[in-house]
Number of protein chains: 2
Amino acid sequence: MQTLYNGKAKTLFAGPSPDTIIIFFKDTVTAGNGVKHATIPGKGALTAQISIKLFEMLKDSVPSHYIKKLDAQSFLAKKLQILPLEVVVRNYATGSIVKRLGLPRGQAFQPPLVEFFYKSDALHDPLLCLAHIQALGLATPHELAQMETYARHTNALLTDYFWALGLKLIDMKLEFGKTPDGTLLLADELSPDTMRLWDARTHESFDKDVFREDKGDLLTAYREVARRMGL
Amino acid sequence: MQTLYNGKAKTLFAGPSPDTIIIFFKDTVTAGNGVKHATIPGKGALTAQISIKLFEMLKDSVPSHYIKKLDAQSFLAKKLQILPLEVVVRNYATGSIVKRLGLPRGQAFQPPLVEFFYKSDALHDPLLCLAHIQALGLATPHELAQMETYARHTNALLTDYFWALGLKLIDMKLEFGKTPDGTLLLADELSPDTMRLWDARTHESFDKDVFREDKGDLLTAYREVARRMGL
């Protein structure tokens, strides 16, 4: 298989047709812009299975790159031109925004807060407002509005879904891309690597914060999410 | 006179009536969140006179706190509740945005870029998008739209004015406040302490960058701005 891109947590291979790719979920986990990293056998299969189930769940509501499951650790997706933006949806304040704006951890955002960050390791992913995105020519006003709509819709659906499993969706990072004909699609993954999930009662973390903050065993946490999802 | 607030570059005194204040321009100059500072006799009179002339020029176009000149170093203003926001208008990229977004210095913004920053020394004045400002309850959507309109209008008028004097208005920082009845007004000062002015031909700085970057004598630079303004 031809490797198209070897990322921190996923490898992208050329798919069976030129407009498809195979997304393979690796067992590596990184934090702090790659400074902290580890290999945790079994992690890739968990993030793959969780992503597959969530993309399938969203299928009729939010257009995405997901096509079908291939095996335990990979799925087939549409080949996109990925926009250099991270779209972050926050239901509660935690992580970087607590330090950045001096907010109390756990404060609710009503409505959920949608933020855009410039995907640039060299610049440390700076925050962008709509005016910056347009000045940099990274997306059109229509694409921005569409991304925000898809992000809010994804957030509403996943919030309800996880709530029923006793999990609070705290925040998540989404990425988007465009097909050659310009159609905007939700891309990347949907897993505890890219979203924060807290137990609804105890507020225990079931996401990458377990690794980021050395709060226990990452695999145990991800397995519990998968178990509640019926995987 | 009763001191209401002793800032880095200005002191605010109680005015002759409870709804007024006296803004006194000090000879102190600071940069880098107060880390670099100096006293330059004559600077306060220059920033005061330049501010007075610019506020008078804007009088019929942008509602502001300015009432009248008092003496060489102070003017009378309406007492406002100042919003904790710095509104930055950029015509060309320079300063912090060059590092933040990796832009080439001198790149033009068309339309001018309007940014909001949270006035907080402790948090180092972080960038805020409209959604943050609303989440933090710092201003209403109507106030934000009004600030942006006033900022763009001020920028357009001052850009034309300085262009005729052979100076390019690169960027500027504005502040706004509200009267007790909720009227939004342009506040603070309008001087080379709060805006960047480059000679239109040589791109030599005639603003606080002279002090920030040790590029020469600040007083000489400010005097040249005053001279071109007919002061």
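Chain naming here is simple, since letters A, B, ... match the order of the sequence lines and numbering starts at 1 in each. What you see is a predicted model; the values in this text were computed from it and never measured.
- Within 6.0 Å of NZ on B/K168 lie more than 12 heavy atoms contributed by other residues, nucleotides or ligands.
- Atom CD of A/E213 sits in a crowded spot, with more than 12 heavy atoms from other residues, nucleotides or ligands closer than 6.0 Å.
- Against chain B, the residues from residues 122-147 of chain A that qualify, each with a non-hydrogen atom under 4.5 angstrom away, are A/L123, A/P126, A/L127, A/L128, A/C129, A/A131, A/H132, A/A135, A/L136 in number order.
- Within residues 88-112 of chain A, the residues that have a heavy atom under 4.5 Å from a heavy atom of chain B are A/I97, A/K99, A/R100, A/L101, A/G102, A/L103, A/F109, listed by number.
- Summarising the local packing, NZ of A/K26 is surrounded by more than 12 heavy atoms from other residues, nucleotides or ligands at distances under 6.0 Å.
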